[in-house]
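A, B, ... follow the sequence lines: proteins, then strands. Residue 1 opens every chain.
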Amino acid sequence: MNVLLDNFALFREGFLGTISLTATSAVLALVLGVVIAGFRVSPVPPLRAFGAAWVTLLRNTPLVLLFLIAFFIVPMVLFPGMSTYLLGVLALGFYTSAFVCEAVRSGINTVAVGQAEAARSLGMTFGQTLSLIVLPQATRTVVAPMSSIMIALTKNSAIAGAFSVTELFGVQKDLSDMGYNIMVVFMWVALAYLVITFTISGLFRLLERRLEVAR
Amino acid sequence: MSSVLYDVPGPKARARNRTLSIVGVAGLVGLIVWAFFRIESTGQLAPEMWEIFQYEGVSDRIVEGVIATLQAFVLAGVLSLLLGAALAVARLSDHLPVRWLATAFIELFRAVPLLITIFVIWQGFLTTEPMWALVLGLTFYNGAVQAEVLRAGILAVPRGQVEAAYAIGMRKSQVMLTIQIPQAVRAMLPTVVSQLVVTLKDTSLGYIIVYEELLFVGRQLAANYVINDDYPYVVVILVVGTIYVAMCMVLAWLAKWIEARGRRAKTGIKVAKAEPDVEADDALHTK
């Protein structure tokens, strides 16, 4: 009896669930992370403090706790009956945004000082300097750490499965409840994760090569 | 204070920054107050809800939860360091099969989500011992990560150290144990402690395999008391969450302290950076 072929629909659903959960929260994390990184280097002190507090708090919070907050408190604040998928994306996206922010900020620090100085002496404002000069150049150094952050996000998305979002961990749980051999299921689920993480690191390596410049 | 990214603010820019600050702070406070009243309106923050923490049973349970969390953390931390050291040495071994096995182990457990590892150990082998399932899962995953950290440290020890040790007649194991590992551990200590913070955070995965750690205890407490026809989820999550964040921050602070100490000492090898700074540091503002 082949576990994979017998339950192919379940596996496919879980596989696609993991991919879509990862992709959506990655977008949220990237947007939030870049904005917060901008806050952390901005000339306005309260924004800097806010960015620092955001990163410190989210990096020191267990993801499971964030999921509990998302599932018990967020529906109370926004509106009751939000979908579990959306809540999962919020928890994963917020958690990952702190790591994205730190990667972007260290990328900003690696851009040669002369670049920003030249931009300023042309009369550019902070917003222009950051968005037109510094961030595009920081992208290159940020790609490598971003790859490992995205792989970590893929693996963290398994926790969403425990909170009844459809994805691969849910498949593992359902099939072992149905009495299949747990190690065989584990092998297939692990393989599915390997496929996703290898694809991500491959894509990022491609991106890195595209962005490479001869110095 | 100045930064490369913006000019020293003049009178006009200062006024603008001030306005922006006030608007930003007001907006944030407004958001918090709005969220507070939304939660308040459900009765979750009523004074009666907070009173559950005065029951002796409740505070005892929370203390038990903290102890269970710390127990799993200490066991997993120690075991993962031992496993990490063994794997790091094995991966640098001269014997191909040993090297190959260690590499396979490290790559497998780093690639699979920790939750799935823990779940499989729990369901497959240790159904009645969730604590050991959690500890073993954490040990395998963090051991693999620590092995890579230590390996990087061992490779960073200057070649001259190893050559000198061989030159005075030390054996291979002596060189590794008395020359390479002590220096590697010292150099990598900040990163190792940062990874321990991750281990501490990940003990919360015990929640999912019904190990009675802090989060699970909190959830159970909230489900056991009915106050004003409702469960006190919000107050319990607030209290338990604060305890967690405090524990992690103490450990993260320790990593930074060790790094600062290491920078003071003069040795041949560079001390690794702890996780990037979390304070609003002035890296950009010093130039």
If every non-hydrogen atom of A/Ile182 is compared with every non-hydrogen atom of B/Gly124, which pair is closest and at what distance? CG2-CA, 3.8 Å
Look at atom CH2 of A/Trp54 and say whether more than 12 heavy atoms of other residues, nucleotides or ligands are closer to it than 6.0 Å. yes
Apply side chain to side chain contact (heavy atoms under 4.5 Å, CB included) to residues A/Met124 and B/Tyr6 and explain how you reach the verdict. CA-CA 9 Å; A/Met124 286 185 168; B/Tyr6 46 87; over 6 Å; no
Name the member of A/Leu66, A/Val44, A/Leu57, A/Leu130 that forms the most heavy-atom pairs with chain B at distances under 4.5 Å. A/Val44
About how many Å separate CG of A/Leu68 and OH of B/Tyr207, when rounded to the nearest 0.5 Å? 4.5 Å
Heaviest contributor of heavy-atom pairs below 4.5 Å to chain A, chosen from B/Tyr244, B/Phe119, B/Trp34, is B/Phe119
Relative to chain A, which segment of B/Tyr141 carries a heavy atom at a distance below 4.5 Å: side chain, backbone, both, or neither? side chain
Interface moiety of A/Phe198 toward chain B, non-hydrogen atoms closer than 4.5 Å: neither
Rounded to the nearest 0.5 Å, the NZ atom of A/Lys155 sits from the OG1 atom of B/Thr117 at a distance of 8.5 Å
Once you round to the nearest 0.5 Å, how far does CD1 of A/Ile159 lie from CD1 of B/Ile116? 10.5 Å
With a sphere of 6.0 Å drawn around OH of B/Tyr231, does it hold more than 12 non-hydrogen atoms of other residues, nucleotides or ligands? no
Contact leader toward chain A among B/Gly218, B/Gly241, B/Gly24, B/Ala246, where contacts are heavy-atom pairs under 4.5 Å: B/Gly241
I'd like to know which of A/Ile151, A/Ile69, A/Val77 tops the heavy-atom pair count under 4.5 Å against chain B. A/Val77
So, the part of B/Val112 with a heavy atom under 4.5 Å from chain A: the answer is both
A/Val189 versus chain B, heavy atoms under 4.5 Å apart: side chain, backbone, both or neither? side chain
A/Phe169 CZ to B/Leu115 CG distance, which is reported to the nearest 0.5 Å: 4.0 Å
For the candidates B/Ile39, B/Ile208, B/Val120, B/Leu214, which exhibits the highest count of non-hydrogen atom pairs separated by less than 4.5 Å from chain A? B/Val120
Note, B/Leu28 side chain near A/Phe50 side chain (heavy atom, < 4.5 Å): yes
With a 4.5 angstrom heavy-atom cut-off, is it the side chain or the backbone of A/Thr61 that approaches chain B, or both, or neither? both
Minimum heavy-atom separation for B/Asn17 and A/Pro43, please, with both atom names. ND2-O, 3.7 Å
Looking only at heavy atoms, which two atoms of A/Phe126 and B/Leu5 are closest? And how far apart? CD1-O, 3.8 Å
Rounded to the nearest 0.5 Å, how far does CE of B/Met249 lie from OG1 of A/Thr56? 6.0 Å
Applying a strict 4.5 Å limit to non-hydrogen atoms, the region of B/Phe125 in contact with chain A is side chain
Counting only heavy atoms closer than 4.5 Å, note whether B/Arg18 contacts chain A via side chain, backbone, both or neither. neither
Tell me, out of A/Ala119, A/Ser157, A/Ala116, A/Pro45, who's got the most heavy-atom pairs with chain B below 4.5 Å. A/Ala116
Would you mind checking which part of A/Val64 comes under 4.5 Å of any heavy atom in chain B, side chain (CB onward), backbone (N, CA, C, O), both or neither? both
So how far is it from B/Lys201 NZ to A/Leu65 CG, rounded to the nearest 0.5 Å? 10.5 Å
